[in-house]
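Naming: A, B, ... by sequence-line order, numbering from 1 per chain. Just so it is clear, the structure is predicted and the values come from calculations on it, not from any experiment.
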Amino acid sequence: MPAPRPRPRATRNRPPAPHRRRRLTDAWPVAIHLPALPDAVTHADALRAELSRAARTLGAPDDVSPILERPRDPSFGDWATNLAMTLAKPLGQKPRDIATALIAAMDTASVGVTAAEIAGPGFLNFRLDPGFQARGLLTILESPDTFGRLDIGHGARVVVEFVSANPTGPLHVGHGRQAALGDAISTLLEYTGWNVDREFYYNDAGAQIANLAKSTQAQVRAIGGAPLEIPEGGYHGDYIREIAERYVAEHPDDAAGDNLSAMQAYAVAALRHEQDLDMQAFGVKFDTYYLESSLYTDGLVNKTVEGLQASGHTYEEDGALFLRTTDFGDDKDRVMKKSAAKGGDYTYFVPDVAYHVTKWERGYHRAINVQGADHHSTITRVRAGLQALDIGIPTGYPDYVLHQMVTVMKGGEEVKISKRAGSYVTVRDLIDEVGRDAVRYFYLMRKGDSQLVFDVDLARSQSEENPVYYVQMAHARMCGIFRVGEIDATTVTGQGVDLGVLSEPAEQELVKQLLDFPATVKGAADNLEPHRIAAWLLETARAGHTWYHKHHVLGEPEAITRARLVLARATQLGIAAGLRILGLSAPERM
RNA sequence: GCGCCUAUAGCUCAAUUGGAUAGAGCAUCUGACUACGGAUCAGAAGGUUGGAGGUUCGAGUCCUUCUAGGCGCGCCA
């Protein structure tokens, strides 16, 4: 991290703060009592329900579910719906006539609507009472840990598999994107009621591992004085040399490098450890590690092959065993077992099918795989294998979240990502250079299906102009209010506070923005798109900074200070919640 | 040749899943510090949403086609 930019020192001197913190309830008497929202639903839910009720009285179907939207132009009101337009056909009436009838049929006052207008082809625009709307903030203060949480998953188990790198080298920036995405998606699902396990699948069997062993052997023998001869398809990175040196030091009995299986085990263990450290530095924690090799030792690969053969979707040709994946939408059939001339091994997708059978049988009726787009051709194969087995696995199983490739620019040039060449930027490099929070945010502020150019120099130089600092600063500022005011923020409850005084435009905008959080979480979780949270954070931070700059909290008339403390607390908690979903820290001061 | 992804402001990206005048950040320009942190704020400028058709009350979003880029298409993993 570069040294912080020098900035002017504050000239004000402040007497040392006493450490006593005042409880708000001690300071001010409770004067006003407002009823809480019914059953903790948001004002939008209440408005939607009232709209539905009114629509049914006009003859709309029972399952009518109006869509409420925030108008792009705030002058149109707080909420808008196109319900009248969607009802035009089923009811056989003009949209604007339906809109008029809807307004007449609604009990607007009960849902805090102060004005309802018809606009354009038949939009209905609603304006809400500021105090009614602001009361939604109380749900944040009352249960900050559940704000934005929904129960969509009903506790069902879901496994999110990501990173899943071969233990043949350190983790590169593409794995970093997976780690950030997979972890954030997992947290999003937890927020929406799923019982999530994060899983890392180790391809610790097969040709790549054999190459790793031989590469290590070559380096071990080179240490003993032999000429260095890295085998065809082997690994050239310096890290192999380091592993070989440690192996020699710890295995004096095998200085000649004859024990290939010992070297393989040693190298795999060393690289797995290395990857664990990388993920630890990134703040990602996996619940389970699944080893490909165990699929063989437990007989699951053979069992899967037998199942596929029994299904009648296999055939032999040219001495190899094929799976008729074209029965399931593939454009050509795929080899399961190589011919004897090619070694007679299973191709890699066979253990992959076996692995996904275990996901299903381990009780995960939903599975999400986060992978690079270069793996997309395997989707059809794995799903075809699961369908061919005909053991009750649904056709869309598992879900895939594919992210496009990450290219790395450094010094104005693209850095080649190649394990074999040993020249690439690792996740650890990025974390060391720009910090964990900034790396995560950079990965997550973009949609996964667009390509990502990670310019290392730019990321480093931007580290102070970075959006993540902007967001975290907004959080720290809210914390600063309570710090300076010597108020214990956790005692701010909003009980008896008249939130109707939050009538400034900047305040209403901030309130609306905060209350959009649950809908944003739902949208992000439904679509497995964490970048929506990043965008929400940026907008919330902007609204927070604007409000902070325009209006003061401390030192205002009591009623205003009390209401604004509620807003400051809600902003602090809301931003912290968003940051937490993305795996970023929410510093109280920066 | 086939399949998947992408194309939006100078740059990096959004756009509530088909809604109203397409929005942010960075960069540029002009302003604002003796109040809770200026790592901030206010404002300006920046667009034929790659091109052309189509679907409808309404398209950046859906369909067709063309162009450009990325990734795949192996008895590699």
Participant: To the nearest Å, give me how far apart CH2 (A/W79) and C1' (B/rU16) are.
Facilitator: 9 Å

Participant: Taking the C1' atom of each, how far is B/rA24 from B/rC41, in whole Å?
Facilitator: 16 Å

Participant: Can you tell me the pairing partner of B/rU55 across any strand shown, Watson-Crick or G-U wobble, with both distances under 3.5 angstrom?
Facilitator: none

Participant: Please report, rounded to the nearest Å, how far the C1' atom of B/rG37 is from the CZ atom of A/F482.
Facilitator: 16 Å

Participant: Roughly, in whole Å, what's the span from NE2 in A/H531 to P in B/rC13?
Facilitator: 12 Å

Participant: Could you point out which residue of A/R127, A/Q508, A/K512 forms a side-chain hydrogen bond (donor to acceptor under 3.5 Å, both in side chains) with A/D78?
Facilitator: A/K512

Participant: Taking B/rG47 as the reference, what is the distance to B/rG23 when you measure between their C1' atoms (whole Å, please)?
Facilitator: 12 Å

Participant: In whole Å, measure the gap between the P atoms of B/rC73 and B/rU28 for me.
Facilitator: 44 Å

Participant: Can you tell me how far C1' in B/rC4 sits from the matching atom in B/rA42, rounded to whole Å?
Facilitator: 46 Å

Participant: If you pin A/S450 and A/H551 to their nearest nucleotides in RNA chain B, which one's is more 5'?
Facilitator: A/S450

Participant: Once you apply the 3.5 Å cut-off to both distances, tell me the Watson-Crick or G-U wobble partner of B/rA7, or none.
Facilitator: B/rU67

Participant: Answer with yes or no whether A/H376 presents, from its side chain, a donor or acceptor under 3.5 Å of a partner atom in the base of B/rG3.
Facilitator: yes

Participant: Atom CE of A/M445 to atom C1' of B/rG23: distance rounded to whole Å?
Facilitator: 14 Å

Participant: Select from A/Q404 and A/K338 the residue whose nearest nucleotide in RNA chain B is closer to the 5' end of that strand.
Facilitator: A/Q404

Participant: Quick check for you: among B/rA39, B/rC75, B/rC36, whose closest atom lies nearest to any side-chain atom of A/M473?
Facilitator: B/rA39

Participant: Can you tell me the pairing partner of B/rG60 across any strand shown, Watson-Crick or G-U wobble, with both distances under 3.5 angstrom?
Facilitator: none

Participant: Please report, rounded to the nearest Å, how far the P atom of B/rA24 is from the CD1 atom of A/I533.
Facilitator: 20 Å

Participant: Decide whether A/N369 and A/H356 meet the rule of one side-chain donor and one side-chain acceptor closer than 3.5 Å.
Facilitator: yes

Participant: Below the 4.0 Å mark, does B/rC41 have OP1 or OP2 next to a side-chain nitrogen or oxygen of A/Y470?
Facilitator: yes

Participant: Could you let me know what B/rU21 is paired to, Watson-Crick or G-U wobble, both distances under 3.5 Å, or none if it's on its own?
Facilitator: none

Participant: Quick one: is A/R446 getting a side-chain N or O under 4.0 Å of the B/rC13 phosphate, OP1 or OP2?
Facilitator: yes

Participant: Rounded to the Å, how far apart are A/R177 CZ and B/rC71 C1'?
Facilitator: 13 Å

Participant: For B/rA27 versus B/rU65, give the span between their P atoms, rounded off to a whole number of Å.
Facilitator: 43 Å

Participant: Would A/D331 and A/R334 pass as an ion pair if we require N to O under 4.0 Å?
Facilitator: yes

Participant: What class does the angle between the rings of A/Y315 and A/F322 fall in, given that below 30° is parallel, 30 to 60° is tilted and above 60° is perpendicular?
Facilitator: parallel

Participant: In whole angstroms, how far is the P atom of B/rA20 from the CZ atom of A/R96?
Facilitator: 17 Å

Participant: Return yes if a side-chain donor-acceptor contact under 3.5 Å exists between A/N166 and A/T168, otherwise no.
Facilitator: no

Participant: Check the distance between B/rA77's P and A/Y202's OH and give it to me in whole angstrom.
Facilitator: 20 Å

Participant: Whether the side chain of A/N82 and the base of B/rA20 hold a donor-acceptor pair under 3.5 Å is what I'd like checked.
Facilitator: no

Participant: Sticking with atom C1', work out how far B/rA7 lies from B/rG51, rounded to a whole angstrom.
Facilitator: 12 Å

Participant: For atom P, what is the distance between B/rA52 and B/rA15, given to the nearest Å?
Facilitator: 24 Å

Participant: Can you tell me the base-pairing partner of B/rC73? Count Watson-Crick or G-U wobble geometry only, both distances below 3.5 Å, and say none if there is no partner.
Facilitator: B/rG1

Participant: If you measure from the C1' atom in B/rA14 to the same atom in B/rC71, how many Å do you get, rounded?
Facilitator: 24 Å

Participant: Do NZ/NE/NH1/NH2 and the carboxylate oxygens of A/R564 and A/E507 come within less than 4.0 Å?
Facilitator: yes

Participant: OP1 or OP2 of B/rG38 sitting under 4.0 Å from any side-chain N/O of A/R477?
Facilitator: yes

Participant: Quick check for you: among B/rA20, B/rG70, B/rG37, whose closest atom lies nearest to any side-chain atom of A/A119?
Facilitator: B/rA20

Participant: Please confirm whether A/H313 and A/F328 have ring centers closer than 6.0 angstrom.
Facilitator: yes

Participant: I'd like to know if A/T546 reaches the base of B/rC41 with its side chain, counting only an N/O donor and acceptor under 3.5 Å.
Facilitator: no

